[in-house]
Amino acid sequence: PKDKNILVGVETGDDAAVYKINDSTALVQTVDFFTPIVDDPYQFGMISAANSLSDIYAMGAKPIFALNVVGFPSNRLPISVLEEILQGALEKTAEAGIAIIGGHTVDDIEPKFGLAVTGIVHPKKVITNSHACPGDDLILTKAIGTGIIATALKQGFFTSSQAEEAIHSMTLLNRDAGEAMQEIGVHACTDVTGFGLLGHLLGMMRASNTSATIQSDCVPILKGTQDLVTAGIIPGGTKNNFDFTSQSVNYQSKISRVMKLILNDAQSSGGLLISVDHEKSESLLGLLAKKRISIAVKIGTVKQKAKWAIEII
Ligand code: CO
Ligand code: CO
Ligand code: CO
(Lines give C-alpha, C1' and ligand atoms only; values in the text may rest on other atoms or scores of the structure.)
(Ligands and ions follow the chains in the order given, each with its own letter.)
Protein backbone atom coordinates (compact mmCIF):
# COMPACT_ATOMS: atom_id res chain seq x y z
CA PRO A 1 0.00 0.00 0.00
CA LYS A 2 1.07 3.59 -0.64
CA ASP A 3 2.02 5.43 2.52
CA LYS A 4 2.95 9.11 2.33
CA ASN A 5 5.17 8.79 5.39
CA ILE A 6 7.62 6.49 3.58
CA LEU A 7 10.41 8.94 2.72
CA VAL A 8 12.85 6.30 1.42
CA GLY A 9 11.48 2.95 0.26
CA VAL A 10 12.77 0.17 -1.97
CA GLU A 11 12.85 1.98 -5.34
CA THR A 12 16.32 3.53 -5.14
CA GLY A 13 18.17 0.66 -3.45
CA ASP A 14 19.19 2.96 -0.62
CA ASP A 15 21.00 1.88 2.57
CA ALA A 16 18.04 2.03 4.92
CA ALA A 17 14.31 2.64 5.04
CA VAL A 18 13.19 6.09 6.23
CA TYR A 19 9.75 6.66 7.71
CA LYS A 20 8.41 10.05 8.76
CA ILE A 21 6.92 10.16 12.27
CA ASN A 22 6.26 13.90 12.40
CA ASP A 23 7.71 17.14 10.99
CA SER A 24 10.86 16.94 13.09
CA THR A 25 11.56 13.19 13.25
CA ALA A 26 11.91 10.33 10.79
CA LEU A 27 12.81 6.75 11.74
CA VAL A 28 15.68 5.13 9.86
CA GLN A 29 15.64 1.33 9.90
CA THR A 30 18.13 -1.23 8.63
CA VAL A 31 19.09 -4.87 9.18
CA ASP A 32 22.34 -6.50 8.11
CA PHE A 33 24.01 -9.81 9.01
CA PHE A 34 26.61 -12.13 7.53
CA THR A 35 28.82 -15.18 8.11
CA PRO A 36 32.23 -14.70 9.81
CA ILE A 37 34.85 -12.88 7.75
CA VAL A 38 37.60 -13.26 10.35
CA ASP A 39 38.42 -16.19 12.69
CA ASP A 40 38.37 -14.22 15.93
CA PRO A 41 34.74 -14.17 17.20
CA TYR A 42 35.22 -10.95 19.15
CA GLN A 43 36.59 -9.15 16.07
CA PHE A 44 33.79 -10.61 13.96
CA GLY A 45 31.23 -9.15 16.40
CA MET A 46 32.87 -5.72 16.21
CA ILE A 47 33.06 -5.76 12.41
CA SER A 48 29.50 -6.94 11.92
CA ALA A 49 28.14 -4.34 14.35
CA ALA A 50 30.14 -1.54 12.68
CA ASN A 51 28.83 -2.75 9.32
CA SER A 52 25.20 -2.75 10.48
CA LEU A 53 25.49 0.72 12.02
CA SER A 54 27.04 2.02 8.81
CA ASP A 55 23.74 2.05 6.88
CA ILE A 56 22.35 4.45 9.51
CA TYR A 57 25.36 6.78 9.20
CA ALA A 58 25.18 6.60 5.38
CA MET A 59 21.69 8.16 5.58
CA GLY A 60 23.04 11.05 7.69
CA ALA A 61 21.13 9.65 10.69
CA LYS A 62 21.90 8.96 14.33
CA PRO A 63 21.39 5.42 15.71
CA ILE A 64 19.24 5.12 18.85
CA PHE A 65 19.20 1.36 19.58
CA ALA A 66 19.86 -2.07 18.05
CA LEU A 67 18.69 -5.69 18.18
CA ASN A 68 20.88 -8.77 17.65
CA VAL A 69 20.25 -11.14 14.74
CA VAL A 70 21.99 -14.48 15.39
CA GLY A 71 22.36 -17.87 13.71
CA PHE A 72 24.51 -20.27 15.73
CA PRO A 73 25.49 -23.97 15.52
CA SER A 74 25.09 -24.67 19.24
CA ASN A 75 25.90 -28.38 18.76
CA ARG A 76 29.23 -27.70 17.02
CA LEU A 77 30.64 -24.58 18.71
CA PRO A 78 30.93 -23.75 22.41
CA ILE A 79 28.56 -21.05 23.61
CA SER A 80 31.60 -19.00 24.67
CA VAL A 81 32.15 -18.27 20.93
CA LEU A 82 28.72 -16.67 20.73
CA GLU A 83 29.42 -14.75 23.92
CA GLU A 84 32.57 -13.31 22.36
CA ILE A 85 30.71 -12.30 19.17
CA LEU A 86 28.08 -10.52 21.26
CA GLN A 87 30.77 -8.91 23.42
CA GLY A 88 32.45 -7.46 20.30
CA ALA A 89 29.11 -6.10 19.11
CA LEU A 90 28.38 -4.59 22.53
CA GLU A 91 31.71 -2.82 22.49
CA LYS A 92 30.96 -1.25 19.09
CA THR A 93 27.40 -0.23 19.91
CA ALA A 94 28.65 1.29 23.19
CA GLU A 95 31.17 3.29 21.16
CA ALA A 96 28.26 4.40 18.97
CA GLY A 97 26.45 5.47 22.14
CA ILE A 98 23.57 3.00 21.87
CA ALA A 99 22.34 -0.15 23.63
CA ILE A 100 21.42 -3.56 22.21
CA ILE A 101 18.00 -4.20 23.72
CA GLY A 102 17.00 -7.62 22.43
CA GLY A 103 17.21 -9.82 19.39
CA HIS A 104 16.58 -13.29 18.08
CA THR A 105 18.67 -16.46 17.77
CA VAL A 106 18.10 -19.55 15.63
CA ASP A 107 20.09 -22.76 15.39
CA ASP A 108 22.01 -22.70 12.14
CA ILE A 109 24.65 -24.80 10.35
CA GLU A 110 27.11 -21.89 10.39
CA PRO A 111 27.38 -18.78 12.57
CA LYS A 112 25.69 -15.64 11.29
CA PHE A 113 25.59 -12.35 13.09
CA GLY A 114 24.39 -8.80 12.59
CA LEU A 115 22.17 -6.08 13.96
CA ALA A 116 18.83 -4.52 13.17
CA VAL A 117 19.49 -0.85 13.90
CA THR A 118 16.98 1.93 14.41
CA GLY A 119 18.03 5.54 13.95
CA ILE A 120 16.49 8.97 13.71
CA VAL A 121 17.01 11.94 11.43
CA HIS A 122 15.24 15.20 10.66
CA PRO A 123 12.97 14.46 7.67
CA LYS A 124 14.57 17.32 5.72
CA LYS A 125 18.13 16.19 6.49
CA VAL A 126 17.97 12.64 5.09
CA ILE A 127 20.95 11.93 2.83
CA THR A 128 20.00 9.44 0.11
CA ASN A 129 21.88 7.90 -2.82
CA SER A 130 19.66 9.63 -5.37
CA HIS A 131 20.67 13.31 -5.37
CA ALA A 132 24.21 13.33 -6.75
CA CYS A 133 24.62 16.33 -9.11
CA PRO A 134 26.82 16.90 -12.17
CA GLY A 135 29.92 18.78 -11.00
CA ASP A 136 30.02 17.05 -7.59
CA ASP A 137 33.22 15.56 -6.21
CA LEU A 138 33.16 11.94 -5.03
CA ILE A 139 34.83 11.29 -1.66
CA LEU A 140 35.65 7.84 -0.24
CA THR A 141 36.38 7.53 3.50
CA LYS A 142 37.99 4.05 3.77
CA ALA A 143 40.45 2.06 1.66
CA ILE A 144 39.13 -0.94 -0.31
CA GLY A 145 40.33 -4.55 -0.53
CA THR A 146 38.80 -6.09 2.60
CA GLY A 147 37.03 -8.84 0.63
CA ILE A 148 40.27 -9.98 -1.00
CA ILE A 149 42.17 -9.80 2.30
CA ALA A 150 39.46 -11.70 4.23
CA THR A 151 39.57 -14.45 1.58
CA ALA A 152 43.37 -14.58 1.80
CA LEU A 153 43.08 -14.92 5.59
CA LYS A 154 40.59 -17.81 5.26
CA GLN A 155 42.80 -19.58 2.73
CA GLY A 156 45.94 -19.09 4.82
CA PHE A 157 47.72 -16.76 2.35
CA PHE A 158 47.70 -13.92 4.84
CA THR A 159 48.38 -13.94 8.59
CA SER A 160 46.21 -11.97 10.97
CA SER A 161 49.07 -9.54 11.57
CA GLN A 162 49.29 -8.91 7.79
CA ALA A 163 45.54 -8.30 7.84
CA GLU A 164 45.71 -5.88 10.77
CA GLU A 165 45.16 -2.76 8.66
CA ALA A 166 42.09 -4.33 7.01
CA ILE A 167 40.64 -5.56 10.32
CA HIS A 168 41.17 -2.15 11.92
CA SER A 169 39.46 -0.48 8.98
CA MET A 170 36.46 -2.84 9.17
CA THR A 171 35.98 -2.22 12.89
CA LEU A 172 36.04 1.56 12.42
CA LEU A 173 32.64 3.22 12.81
CA ASN A 174 31.45 5.51 10.00
CA ARG A 175 29.95 7.77 12.68
CA ASP A 176 32.50 10.59 12.43
CA ALA A 177 32.36 10.55 8.62
CA GLY A 178 28.56 10.66 8.80
CA GLU A 179 28.62 13.59 11.22
CA ALA A 180 31.14 15.44 9.06
CA MET A 181 29.04 15.15 5.93
CA GLN A 182 25.92 16.21 7.81
CA GLU A 183 27.77 19.25 9.17
CA ILE A 184 29.04 20.33 5.73
CA GLY A 185 25.88 19.39 3.79
CA VAL A 186 26.27 16.95 0.90
CA HIS A 187 24.15 15.80 -2.05
CA ALA A 188 24.28 11.99 -1.76
CA CYS A 189 25.89 9.15 0.15
CA THR A 190 26.02 5.36 0.35
CA ASP A 191 28.35 3.00 2.17
CA VAL A 192 30.58 0.62 0.23
CA THR A 193 29.73 -2.98 1.15
CA GLY A 194 28.92 -6.23 -0.70
CA PHE A 195 28.55 -4.81 -4.22
CA GLY A 196 31.99 -3.19 -4.09
CA LEU A 197 33.00 0.39 -4.85
CA LEU A 198 31.75 0.28 -8.46
CA GLY A 199 28.52 -1.57 -7.63
CA HIS A 200 27.52 0.97 -5.00
CA LEU A 201 28.64 3.89 -7.18
CA LEU A 202 26.56 2.45 -10.02
CA GLY A 203 23.54 2.30 -7.70
CA MET A 204 24.06 5.96 -6.81
CA MET A 205 24.51 7.04 -10.44
CA ARG A 206 21.36 5.18 -11.55
CA ALA A 207 19.28 6.55 -8.68
CA SER A 208 20.60 10.08 -9.35
CA ASN A 209 20.36 9.82 -13.16
CA THR A 210 24.01 10.88 -13.52
CA SER A 211 27.38 9.38 -14.57
CA ALA A 212 30.77 9.37 -12.86
CA THR A 213 34.45 9.45 -13.70
CA ILE A 214 36.79 7.68 -11.30
CA GLN A 215 40.50 8.45 -11.13
CA SER A 216 41.83 4.93 -10.45
CA ASP A 217 45.20 6.19 -9.10
CA CYS A 218 43.37 8.10 -6.36
CA VAL A 219 41.38 5.17 -4.95
CA PRO A 220 42.86 4.15 -1.57
CA ILE A 221 43.71 0.42 -1.49
CA LEU A 222 44.73 -1.66 1.53
CA LYS A 223 48.35 -2.82 1.60
CA GLY A 224 48.96 -6.19 -0.04
CA THR A 225 45.68 -6.30 -1.98
CA GLN A 226 47.28 -6.02 -5.44
CA ASP A 227 49.74 -8.85 -4.75
CA LEU A 228 46.96 -11.12 -3.50
CA VAL A 229 44.85 -10.59 -6.64
CA THR A 230 47.93 -11.14 -8.82
CA ALA A 231 48.45 -14.43 -6.96
CA GLY A 232 44.87 -15.43 -7.80
CA ILE A 233 43.06 -14.64 -4.53
CA ILE A 234 39.74 -13.43 -5.93
CA PRO A 235 36.55 -13.88 -3.88
CA GLY A 236 33.49 -15.24 -5.72
CA GLY A 237 31.44 -12.18 -4.78
CA THR A 238 34.09 -9.90 -6.27
CA LYS A 239 34.02 -11.79 -9.60
CA ASN A 240 30.21 -11.59 -9.62
CA ASN A 241 30.35 -7.84 -8.95
CA PHE A 242 32.83 -7.39 -11.80
CA ASP A 243 30.53 -9.27 -14.21
CA PHE A 244 27.50 -7.34 -12.98
CA THR A 245 28.99 -3.84 -13.41
CA SER A 246 30.82 -4.58 -16.69
CA GLN A 247 27.91 -3.50 -18.94
CA SER A 248 27.89 -0.06 -17.31
CA VAL A 249 31.60 0.64 -16.73
CA ASN A 250 34.16 1.72 -19.32
CA TYR A 251 37.77 1.07 -18.27
CA GLN A 252 40.52 3.04 -19.99
CA SER A 253 42.90 0.57 -21.69
CA LYS A 254 45.69 1.24 -19.15
CA ILE A 255 43.56 -0.19 -16.31
CA SER A 256 44.83 -3.68 -15.41
CA ARG A 257 42.59 -6.67 -14.75
CA VAL A 258 43.91 -6.69 -11.17
CA MET A 259 42.75 -3.09 -10.69
CA LYS A 260 39.34 -3.83 -12.26
CA LEU A 261 38.80 -6.65 -9.76
CA ILE A 262 39.90 -4.51 -6.80
CA LEU A 263 37.46 -1.74 -7.78
CA ASN A 264 34.71 -4.39 -7.68
CA ASP A 265 35.89 -6.12 -4.50
CA ALA A 266 32.99 -6.96 -2.16
CA GLN A 267 33.61 -5.00 1.04
CA SER A 268 32.51 -5.65 4.60
CA SER A 269 32.07 -2.56 6.72
CA GLY A 270 33.52 -0.30 4.02
CA GLY A 271 33.64 3.48 4.03
CA LEU A 272 31.17 6.14 2.97
CA LEU A 273 31.04 7.18 -0.67
CA ILE A 274 29.93 10.81 -0.63
CA SER A 275 28.82 13.05 -3.50
CA VAL A 276 29.46 16.65 -2.49
CA ASP A 277 29.31 20.01 -4.25
CA HIS A 278 32.77 20.79 -5.66
CA GLU A 279 32.76 24.09 -3.72
CA LYS A 280 32.37 22.22 -0.43
CA SER A 281 34.64 19.24 -1.01
CA GLU A 282 37.79 20.88 0.41
CA SER A 283 35.98 21.78 3.63
CA LEU A 284 34.57 18.26 3.88
CA LEU A 285 38.03 16.73 3.44
CA GLY A 286 39.39 19.20 6.01
CA LEU A 287 36.74 18.27 8.54
CA LEU A 288 37.27 14.53 7.90
CA ALA A 289 41.01 15.00 8.48
CA LYS A 290 40.27 16.89 11.69
CA LYS A 291 38.19 13.92 12.81
CA ARG A 292 41.24 11.75 12.03
CA ILE A 293 39.73 10.05 8.99
CA SER A 294 42.95 10.78 7.19
CA ILE A 295 42.45 8.18 4.46
CA ALA A 296 39.40 10.06 3.10
CA VAL A 297 40.15 11.31 -0.38
CA LYS A 298 38.57 12.57 -3.59
CA ILE A 299 38.36 9.68 -6.07
CA GLY A 300 36.37 11.21 -8.92
CA THR A 301 33.60 13.46 -10.12
CA VAL A 302 29.94 13.31 -11.15
CA LYS A 303 28.82 14.46 -14.60
CA GLN A 304 25.68 14.57 -16.77
CA LYS A 305 24.31 11.15 -17.61
CA ALA A 306 26.46 9.71 -20.41
CA LYS A 307 26.70 6.48 -22.43
CA TRP A 308 28.68 4.79 -19.65
CA ALA A 309 27.41 5.17 -16.09
CA ILE A 310 31.05 5.01 -14.91
CA GLU A 311 34.34 5.79 -16.66
CA ILE A 312 37.54 4.57 -15.02
CA ILE A 313 40.60 6.62 -16.01
CO1 CO B 1 24.65 0.13 2.82
CO1 CO C 1 23.06 -2.93 4.35
CO1 CO D 1 9.32 -12.83 19.67
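Counting starts at 1 for both ligands and their atoms, following the listed order.
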Nearest-0.5 Å distance that lies between atom CG in Leu201 and atom OG1 in Thr210: 8.5 Å
Phe33 six-ring centre to Lys112 NZ/CZ under 6.0 Å and within 45° of normal: no
Over 12 foreign heavy atoms within 6.0 Å of CG, Asp23: no
Residue Asp15, metal the Co ion (ligand 1), N/O/S under 2.8 Å: yes
Among the N, O or S atoms of Asp55, the one nearest the Co ion (ligand 1): OD1
Test item: side-chain donor near acceptor, Thr35 and Glu110, under 3.5 Å: no
Minimum-distance N/O/S atom that Asp191 presents toward the Co ion (ligand 1): OD1
